[in-house]
Amino acid sequence: MRATAAVLLVLCLLTISHAWDCREVVNIKNLMQIDAGLGQVVATDTSQIPYYLVGDKWIRMPGYLKHITVGPAGIWGVNKDYAIYKYVAGNWVQAAGLLKQLDAGGDQFVVGANMDDTPYCLTSSATVGYKGPGSPLPWTGLPGAVKYYSCGPFGCWAVNKNDDIFLMSLNQDCQNKGWSPIDGKLSMIEVATDGSVFGVNSAGSVYTRDGITASKPEGTGWSNIPMCMLMGHVTYDLGHLWVVSKSAVTMVCTQ
């Protein structure tokens, strides 16, 4: 059975568009979610074990998390009970609040969504200064309802329960002018440190947003990135596109 699966994967990789060169990440199995930013890569597996990539080795981090993120705001995560943690000096320090998903890709601020799809933002001063209980943690509620939320240098992107896509301009103090609708449908979305936007739809197809610049943060349209299997999660950093399939196979692709 394993031999058959391996052959199918090889055939699968060979069918991917020549625009992207993909290979299986063989030294980690059963990943559920992955995030990359500022040259760092973190992930959680189906047993909710968090990992940090050092060279080509995945180092187990302490604790258990169902979602983990890395970026200018540091390394943060949430567990199955929605408790929030920041990685400080080699250990997880619990933070006030409850979120199901969060993102550290903004300009040193953190955003996330809770169990009711209410979006939140933590200012950069509170994010960077948080060292543990006693540090101020003023979460700011934002308008709308989103299930997945990610930020980069040109704005924050999110999707709601209907897979509708939205864009918000958000500064370090969590000030904003609300959400602007974007064409298309995605079930999850990630913004890279360089402002690139990638997402996966409910059918498991991967897309990237074209034409994003500082003067046109909404971009111009979506382009499909052909994949040989159904994908569930995607992240991008420094020319590397990391994808996790719905069957928990992880691949890294370059152009």
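Computed from a predicted structure; not experimentally measured. When reading the values below, keep in mind they use all heavy atoms of this one structure, side chains included, and skip hydrogens, waters and symmetry mates.
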Would you tell me whether [X] and [Y] have side-chain atoms, one donor and one acceptor, within less than 3.5 Å of each other?
{"X": "Tyr52", "Y": "Gln40", "result": "yes"}
{"X": "Asp173", "Y": "Thr123", "result": "no"}
{"X": "Gln108", "Y": "Thr127", "result": "no"}
{"X": "Asn201", "Y": "Ser187", "result": "no"}
{"X": "Asp116", "Y": "Thr118", "result": "no"}

Where the side chain of [X] meets the backbone of [Y], is there a donor-acceptor pair that is under 3.5 Å apart?
{"X": "Gln255", "Y": "Asp21", "result": "no"}
{"X": "Asn224", "Y": "Val206", "result": "yes"}
{"X": "Arg60", "Y": "Pro50", "result": "no"}
{"X": "His67", "Y": "Leu102", "result": "yes"}
{"X": "Asp237", "Y": "Gly39", "result": "yes"}
{"X": "Ser47", "Y": "Ile49", "result": "no"}
{"X": "Thr220", "Y": "Ile212", "result": "no"}
{"X": "Thr44", "Y": "Gln48", "result": "no"}

Does [X] share a hydrophobic cluster with [Y], counting links as ILVMFWY side-chain heavy atoms below 4.5 Å and allowing steps through other members?
{"X": "Ile189", "Y": "Met227", "value": "yes"}
{"X": "Trp179", "Y": "Phe154", "value": "no"}
{"X": "Val78", "Y": "Met61", "value": "no"}
{"X": "Val42", "Y": "Leu65", "value": "yes"}
{"X": "Val252", "Y": "Ile34", "value": "yes"}

If you round to the nearest 0.5 Å, how far is [atom2] of [Y] from [atom1] of [X]?
{"X": "His240", "Y": "Cys253", "atom1": "NE2", "atom2": "SG", "value": "10.0 Å"}
{"X": "Trp58", "Y": "Leu53", "atom1": "CH2", "atom2": "CG", "value": "4.5 Å"}
{"X": "Asp107", "Y": "Gln172", "atom1": "CG", "atom2": "CD", "value": "4.0 Å"}
{"X": "Ile84", "Y": "Lys100", "atom1": "CD1", "atom2": "NZ", "value": "13.5 Å"}
{"X": "Leu230", "Y": "Ser205", "atom1": "CG", "atom2": "OG", "value": "7.5 Å"}
{"X": "Tyr207", "Y": "Ile225", "atom1": "OH", "atom2": "CD1", "value": "10.5 Å"}

query = Would you call Asp210-Lys216 a salt bridge at under 4.0 Å N-O?
reply =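 Looking at Asp210 and Lys216, the cut-off is not met.
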query = Hey, are Lys29 and Asp45 close enough for a salt bridge, meaning a charged N less than 4.0 Å from a carboxylate O?
reply =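 No salt bridge links Lys29 with Asp45.
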request  = Show the numbers, then the answer: is there a side chain to side chain contact (heavy atoms under 4.5 Å, CB included) between Val244 and Met231?
outcome  = CA-CA 6 Å; Val244 178; Met231 296 301 170; over 6 Å; no
If I compare all heavy atoms of [X] with all of [Y], which pair ends up nearest, and what's the gap?
{"X": "Phe166", "Y": "Pro181", "value": "CD2-CA, 3.7 Å"}
{"X": "Asn162", "Y": "Lys185", "value": "O-NZ, 3.1 Å"}
{"X": "Pro153", "Y": "Ala192", "value": "CD-O, 3.6 Å"}
{"X": "Gly144", "Y": "Pro119", "value": "O-CD, 3.3 Å"}
{"X": "Met251", "Y": "Cys22", "value": "SD-CB, 4.5 Å"}
{"X": "Pro136", "Y": "Ala126", "value": "O-CB, 3.9 Å"}

request  = Using the side chain to side chain contact (heavy atoms under 4.5 Å, CB included) rule, take Lys66 and Asn79 through it: C-alpha gap first, then chi angles, then the decisive distance, then the call.
outcome  = CA-CA 5 Å; Lys66 71 170 187 176; Asn79 68 10; 5.9 Å; no
A side-chain contact here means heavy atoms from C-beta on lying under 4.5 Å apart; do [X] and [Y] qualify?
{"X": "Asn27", "Y": "Asp56", "result": "yes"}
{"X": "Phe198", "Y": "Met188", "result": "no"}
{"X": "Leu186", "Y": "Trp222", "result": "yes"}
{"X": "Trp20", "Y": "Thr254", "result": "no"}
{"X": "Ile68", "Y": "Gln33", "result": "yes"}
{"X": "Val111", "Y": "Ser150", "result": "no"}
{"X": "Leu137", "Y": "Leu122", "result": "yes"}
{"X": "Leu99", "Y": "Tyr82", "result": "no"}

task = Decide side chain to side chain contact (heavy atoms under 4.5 Å, CB included) for His233 and Asp35; before the verdict, give the C-alpha distance in whole Å, the side-chain angles of both, and the deciding distance to 0.1 Å.
result = CA-CA 9 Å; His233 201 90; Asp35 193 45; 5.8 Å; no
inquiry  = Around atom NZ of Lys80, are there more than 12 heavy atoms from other residues, nucleotides or ligands closer than 6.0 Å?
reply    =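 No, not enclosed.
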side-chain contact (heavy atoms from CB on, under 4.5 Å) partner of Met168, the single match among Pro143, Ser180, Cys121, Pro217 =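 Going through the options one by one, the only one that passes is Pro143.
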ask   = Name the one of Asn160, Val159, Asp183, Val146 that satisfies side-chain contact (heavy atoms from CB on, under 4.5 Å) with Ile165?
value =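 Only match with Ile165 under side-chain contact (heavy atoms from CB on, under 4.5 Å): Val159.
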inquiry  = Once ring pair (Phe, Tyr, Trp, His ring centres under 6.0 Å) is applied, what residue pairs with a partner in residues 89-145 remain, sequence neighbours excluded?
reply    =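 Passing the test, one end in residues 89-145: Tyr87-Trp92.
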task = Return the set of residues passing side-chain hydrogen bond (donor to acceptor under 3.5 Å, both in side chains) with Asn91 (not counting sequence neighbours), or none when no residue passes.
result =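 Asn91 satisfies side-chain hydrogen bond (donor to acceptor under 3.5 Å, both in side chains) with no other residue.
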key: Full working for side chain to side chain contact (heavy atoms under 4.5 Å, CB included) between Asp103 and Tyr149   = CA-CA 7 Å; Asp103 186 81; Tyr149 191 7; 5.8 Å; no
